[in-house]
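Structure, as structure tokens:
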Amino acid sequence: MTRTCPHCKATILASALVCPGCRGHLRFDKTAGPPATTATWQIEGTFAAERPGEAMEYCILVSVRNERNEEIARHVVNVGSLEGAERRTFNLSIETSDNKK
Ligand SMILES: [Zn+2]
């Protein structure tokens with residue numbers, strides 16, 4: 001049900017036509033319809049330096065837990081520092097699809 005993207009090596013769903021990570025096209029099957037995935041959940045936010053004239057470091061971490069509250073994935077997505085008018089907008093989206101071959 002999963003495969004490795006030949007472009008960015010991310011683990012993605014085997015049914016994906018476009019890699020959600022690098023947006024690289026994976027299949028050029030003319031009989032295939034539009035991707036069956038739907039973005040079922042999405043969150044977006046923006047943050048900026050808290051005090052003017054003072055740099056602020058940040059770390060964006062995503063973790064996933066299962067029904068037993070066990071952590072099954074944990075990734076530091078990005079770290080950096082912000083100063084002045086600099087900001088970062090983050091977007092987390094969860095896509096689902098029917099479990100078809
Ligand atoms: Zn990719």
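What you see below is based on every heavy atom in this structure, not just the backbone, and it leaves out hydrogens, waters and symmetry mates.
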[atom1]/[X] to [atom2]/[Y] distance, rounded to the nearest 0.5 angstrom?
| X | Y | atom1 | atom2 | value |
| --- | --- | --- | --- | --- |
| F90 | R88 | CZ | CZ | 13.0 Å |
| E67 | I72 | CD | CD1 | 8.0 Å |
| M56 | E83 | CE | CD | 11.0 Å |
| T46 | N91 | OG1 | CG | 10.0 Å |
| S93 | W41 | OG | CH2 | 10.5 Å |

TODO: Tell me whether F47 is reachable from L92 by hopping between hydrophobic residues (I, L, V, M, F, W, Y) whose side-chain heavy atoms are closer than 4.5 Å.
DONE: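 Yes, it is one cluster - the side chains of L92 and F47 are joined through contacts under 4.5 Å.
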
Open item on the list: Heavy-atom count check: over 12 atoms from other residues, nucleotides or ligands less than 6.0 Å from E50 CD?
Closed with: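 For E50, atom CD is not crowded (no more than 12 foreign heavy atoms under 6.0 Å).
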
Please answer whether the main-chain N or O of [Y] pairs with a side-chain N or O of [X] as donor and acceptor at a distance below 3.5 Å.
| X | Y | value |
| --- | --- | --- |
| H7 | H25 | yes |
| T4 | I12 | no |
| E54 | R51 | no |

- [ ] Mind running side chain to side chain contact (heavy atoms under 4.5 Å, CB included) on L61 and H75 for me, showing each step along the way?
- [x] CA-CA 6 Å; L61 170 77; H75 290 287; 5.9 Å; no

Open item on the list: Is there a side-chain contact between T40 and E95 in this structure, where contact means two heavy atoms from C-beta onward sitting under 4.5 Å apart?
Closed with: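 The answer is no; the side chains never approach within 4.5 Å.
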
